[in-house]
Structure formats: structure tokens, C-alpha cells
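Values reported hereafter were calculated over all heavy atoms of this structure, with side chains retained and with hydrogens, waters and symmetry mates removed. Since the structure is predicted, the reported quantities are computational estimates derived from the model, not experimental observations.
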Amino acid sequence: MIAELKELIMVVQQSHPNISLVLGDNKAQSTKMRCLYEGIINGDYLTDNEATLKLYPDENKASNYRKLKFTLREKLINALFDLDSKSSEYNEYQRAYYDCHKLWAATKILLGKNADLPALNLGLKLFKDATHYEFTVLAMDMASVLRLQYGIKIGNQEKYTRFKASFTQLSNLYLQEGAAEQLYLDLAISHVTSKEIKDSEIVSAQSAYDQVNQLLEKFDSYRLQLYAALIHLIYFTTKQDFASSIEACKHFINYFEAKPFEANVPLQILYFQQLRNHFLLNRYQEFEQVEANCRKYMQEGTYNWFRFQELLVRMALHQGEFERAYTLYDKSTNQARFVFLPENVREIWTITAAYFYFLIATGATVQEGKKIKLKQFRINKFLNETTLYAKDKKGMNIAIVIIQYLILLAEKKHSLAIDQLEGLDQYAYRHLRSTDTARSRNFIKMMLQIPLSGFDVNDFEKKAERYRLRITDITGSEKPRKSEVEIVDYEKLWEALCAFYKKKKNIAV
């Protein structure tokens, strides 16, 4: 509950810098409530138990905390209706979204109070605005309200017929939008905690792709096109056809840019996916061009912004710009809303932190000021914080397995590295036999040459060369160069390892 209150407070603060307007004038209650409010914001209370002990040390009054917390929550929710939609932080579409939902609530309240005339006027305005901005659900609901008003209470045949037709049309469109949404969700859920692409998912993606294209032949709306775009992107991703995915992004970007309003959410998703595809195809020049378009639609602290930052960190790591990558990582993980990210997203940042630890430990990047933050890295803690992707054996777990072994080598725990040699070899044999995982399989083979060569850099470099060349050959093929499990470019990780062992042996690098 503390986490929920904290997120509510952060939203309300944007439009209510004077919190007294939210908390009210009841001084006795307001003092306690302000203490709870400020304690949550300052991080003094991480749990309900901590807040209870601080605010109500007398156990007989502990139940008062539940009432206080409930009252604060209600006040924060009520304050949402006073958000300033005209604030410069919102674009036209966002303002319309908030204004239309306020109108909807007001209309429903007036209808409940039998105030038919003002409800009718608000309903007409809402129907017009919702239709313009393609808020199908709101427009459909208002069409239902208006046909009722004109059909029974006013008796205007012409307007009754008009809104009756509108309701029928919008109801049908709503069903098709819902069908497209369901097709997308059925595909997307398997990708939330797994990067592995199964054969069954390829079949499902093909079916959804065909079905949504049939819908697009008969219907058209903002929401339908958005889900169609998302399905197209999953379809091409499952086929590993990133070039076609880029073309699909361009097609849907043109559609949404032609709207009479700024379609911020679809455009930020599409530019981000275009960016991701350029990264996977190793098109660095195109990446920089699309990055600027993507950035202008991103709002700091949103879910999509964190995914955007994650991709920028990954690109910097792959280019060997480790200092820049850490600066981006530091800004992202210290953003106030980072703690509210879903667990699967935070796990990616946890895995990335482990790679930074390795780079710093081997001297691949000089981050003296950052060592303090990362020196507390512990393998057991790391494994406890990456339980979702630990199950993704042919996906992100590859990155987890690799970094564990890299850190053993960087920390000179040679006996443990020898003990885990066979297990790592078996992991590569059992899970990484496909073409899509060839880079990871060959990199693991390269790492295994280190203990097999008695940790002698001259020896393991020679023995690993054939595997390094295989990575280079894959790089030069028509297949995508990278996968999302490759947190840092494998060639650069190998360079860091070799330089580290040469430094230990006092060999000039």
C-alpha cells in the first residue's frame, strides 16, 4: 500500500505543489497526514509497519493508521479530478484524454441527479470531442446516452436515428478493436519474461497477423491501427525479419502522423521499435537518426522512456562507450519512478549492472566515483533479483549465465571457474544449438578456453581464436548481428578479458 500511495502522491504533486489544498484544514488530522505524506515521499516509511510504529507508537491506537492511510488515499484520488490538463507538460491528445474523461464523469453524475438538460449539453460536447480524437468507448457510451435522451425524453426522431446509427457503428468498431487487442495480448504475454522465440509462437504470430489484416480491410480507427501495428512488429520479430519490421514501422508512422492530432503514444512506440531494429541490425548511423525522432515523443519517467533509456545504454555498451553507458544507467536507475517499473523490466537493469561491475573490475572502464556504488555486488543477491529470467534458458538467462562466469574470472576465483567449467559447457550444448544463439554459444566456448589453458593468456587466446572467428563470420552474414541477450558486444567483452589477463601478467596490451 505504501508503494501505491507514493505513486499517487507523485502524480498529484505535478498539479498540486501546495499539498495543503489536498490534505485539507483539519489540523489534528492534517498534522498526522502530512507526516505520513512527507514520510512516504522522503523514503522514511517503506512499509506500513514502519509508518504505524512512527505515527502511532501506542499500540492501542494502531488501528488509527489504517483510517489515516485510507483517508489520504481518498484525498489523493479526489485530487486527480483537479489535474490541470492545460499544463504545458501535456500534448493535445493527452489534454483531450483527461478533459473527455472528466466530461464523462460529470455527465454520468448529472444523469444520476436527473439533471437532463446540462447532461445533454455535456454529452453532445463529449460525443463530438471523443469522435474527433477517436475515443471509441467514450463516443459509444455517449451515443447510447444521447439516443436515450432524444428517443424517450425529448422525442426528436431525426437525432434519435442519428445517434442510434452512431451507437451501432461504434459498437461494432469497439468489438473489432477488442478483437485486435486480444490478438495482441495473446502474443505479447509470452514475451514479458522470455526472449526465447518458440515455434508455436511463430505459428500464433502468423495467424494473428493474417486476422488483423482482415480487420484492417473493413475497419479503421486509432486503436485498431495501434494494435495492428504491434501485431505486425511481433510477427516480423518472431521471423527475425528486422528489415521488414522497420518498413512496417514506417508504414504505421505515416498513418499516425497524418492524424489531425498528435498521436504521441503510437509514434513513440513505433520510433522506439524502429530504433531497436536498427540496433539489432547493427545500423549505427540509422540508429542515431531515428533516436532524435524517438526522443521528442518520450516523457521522462514513463514506462516507454525507461525502455528507451535501456536501449541507449545497450547501444553505448556495444559501441564501447562505457562511460556514456554508465551515465545513462545512473540517470535511469535514480529516476524517482524507477521503483514502480514491473519486475521483469527492473531485472534487465539488474543484469546490466552486473556487466558494469565486470567492466569496472577488469579496468575496461574507469569509474572511480561509481565503484562505491557497485562494489557491493554479490552473486547470491544478483541471482535472487533475477528469478524471472533465470527460467528463460534460451533467452535472457544466457546473459545471466555469462556474466556469472565473467565475474568469477574478473575476481580471480579460478577454482570456482574450473568447477563450473563442465556445467557451462553442458548449458551451451543443451540450450544454445540454434543459429539464433550461435554468437552466445561460441562466446561461451571462448570463455571455457581460459581455465582449460590454465589461465595463461597466450594459450587461451590461441585456443579461442577459432570460436572468435565463428562470431565474426556470423557477424558478416545476412542474419542479424545481435540479439537482446547480448548486453555488451561479445568482442568487446573478450577484449576486456584478454587485456585484464595481460595486465596481470605484465604483458603490453
Look at [X] together with [Y] and state whether they make a salt bridge at an N to O cut-off of under 4.0 Å.
X: E461; Y: R468; answer: no
X: D425; Y: K445; answer: yes
X: E291; Y: R295; answer: yes
X: R314; Y: E486; answer: no
X: R276; Y: E484; answer: yes
X: R346; Y: E343; answer: no
X: K259; Y: E134; answer: yes

Just do the salt bridge (Lys or Arg N to Asp or Glu O under 4.0 Å) check on R337 and E7 with the steps written out, would you? CA-CA 8 Å; R337 296 186 68 85; E7 193 162 15; 2.8 Å; yes
Give the ring-plane orientation class for [X] versus [Y], where under 30° counts as parallel, over 60° as perpendicular and anything between as tilted.
X: H232; Y: Y209; answer: tilted
X: W349; Y: Y329; answer: tilted
X: Y501; Y: F460; answer: perpendicular

I'd like to know if the side chain of [X] pairs up with that of [Y] as donor and acceptor (distance under 3.5 Å, no hydrogens or angles considered).
X: N442; Y: Y490; value: no
X: E92; Y: Y97; value: no
X: Y235; Y: Q206; value: yes
X: S245; Y: N277; value: yes
X: Y227; Y: E181; value: yes
X: S434; Y: T437; value: yes
X: N384; Y: N380; value: no

Give the C-alpha distance, both sets of side-chain angles, the deciding distance and a yes or no for salt bridge (Lys or Arg N to Asp or Glu O under 4.0 Å) between K492 and E495. CA-CA 5 Å; K492 289 182 170 54; E495 289 171 11; 5.7 Å; no
Would you verify whether the NZ or CZ of R324 falls within 45 degrees of the ring axis of F322 while also being under 6.0 Å from that six-membered ring's centre?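 Negative - R324 is either too far from the ring of F322 or too far off its axis.
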Measure the spacing between [atom1] of [X] and [atom2] of [Y] and express it to the nearest 0.5 Å.
X: Y405; Y: L497; atom1: OH; atom2: CG; answer: 10.5 Å
X: I246; Y: L280; atom1: CD1; atom2: CG; answer: 9.0 Å
X: I444; Y: I402; atom1: CD1; atom2: CD1; answer: 4.5 Å
X: I269; Y: L233; atom1: CD1; atom2: CG; answer: 9.0 Å
X: M447; Y: L421; atom1: CE; atom2: CG; answer: 10.0 Å

Are more than 12 heavy atoms, taken from residues, nucleotides or ligands other than [X], located less than 6.0 Å from that residue's [atom1] atom?
X: Q426; atom1: CD; answer: yes
X: K462; atom1: NZ; answer: no
X: Y184; atom1: OH; answer: no

Ring centroid separation for [X] and [Y], is it under 6.0 angstrom?
X: F279; Y: H318; result: yes
X: Y222; Y: Y93; result: yes
X: Y467; Y: W494; result: no
X: F236; Y: F242; result: no

Go through it in stages, so that I can follow the logic: the residues are D220 and Q225, the test is side-chain hydrogen bond (donor to acceptor under 3.5 Å, both in side chains), and I'd like the CA-CA distance, side-chain angles, deciding distance and then a yes or no. CA-CA 7 Å; D220 178 46; Q225 291 282 346; 3.0 Å; yes
Report the C-alpha separation of Y427 and N397 in whole Å, then their side-chain angles, then the decisive distance to 0.1 Å, and conclude whether the side-chain hydrogen bond (donor to acceptor under 3.5 Å, both in side chains) test is met. CA-CA 11 Å; Y427 180 88; N397 187 56; 3.1 Å; yes
Could you walk me through whether E491 and R439 pass salt bridge (Lys or Arg N to Asp or Glu O under 4.0 Å), step by step? CA-CA 10 Å; E491 289 89 334; R439 277 179 64 85; 2.9 Å; yes
Between D392 and S194, is a side-chain hydrogen bond (donor to acceptor under 3.5 Å, both in side chains) present by the stated rule, with each step listed? CA-CA 5 Å; D392 190 22; S194 175; 2.7 Å; yes
At their closest point, which heavy atom of S440 faces which heavy atom of V485, and how far apart are they?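 Closest heavy-atom pair between S440 and V485: OG-CG2, 3.8 Å.
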Can you see which heavy atom on S244 is nearest to which on D241, and at what distance?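 So the two residues come closest at OG-OD2, 2.6 Å.
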Qualifying salt bridge (charged side-chain N to carboxylate O under 4.0 Å, His left out) pairs with a residue from residues 352-361, counting only residues at least two apart or across chains: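 As it turns out, there is no salt bridge (charged side-chain N to carboxylate O under 4.0 Å, His left out) pair with a partner in residues 352-361 once direct neighbours are skipped.
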Side-chain donor or acceptor of T327 paired with backbone N/O of E323 under 3.5 Å: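 Yes; judged by distance alone, with no hydrogens or angles, the pair exists.
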Using the rule given for side chain to side chain contact (heavy atoms under 4.5 Å, CB included), can you reason through L76 versus V11, listing the C-alpha separation, both sets of side-chain angles and the distance that settles it, and then say yes or no? CA-CA 9 Å; L76 291 169; V11 172; over 6 Å; no
Could you walk me through whether D199 and V203 pass the side chain to side chain contact (heavy atoms under 4.5 Å, CB included) test, one step at a time? CA-CA 7 Å; D199 291 340; V203 174; 5.8 Å; no
Please lay out, stage by stage, how Y303 and V345 fare under the test side chain to side chain contact (heavy atoms under 4.5 Å, CB included). CA-CA 9 Å; Y303 175 86; V345 178; 3.6 Å; yes
Run the side-chain hydrogen bond (donor to acceptor under 3.5 Å, both in side chains) check on T386 and E347 step by step: do they pass? CA-CA 6 Å; T386 54; E347 279 198 12; 5.4 Å; no
From CA spacing to verdict: salt bridge (Lys or Arg N to Asp or Glu O under 4.0 Å), K381, E385: CA-CA 6 Å; K381 183 174 183 291; E385 293 176 347; 2.7 Å; yes
Step-by-step side chain to side chain contact (heavy atoms under 4.5 Å, CB included) determination, E310 to M315: CA-CA 9 Å; E310 177 190 316; M315 173 58 89; over 6 Å; no
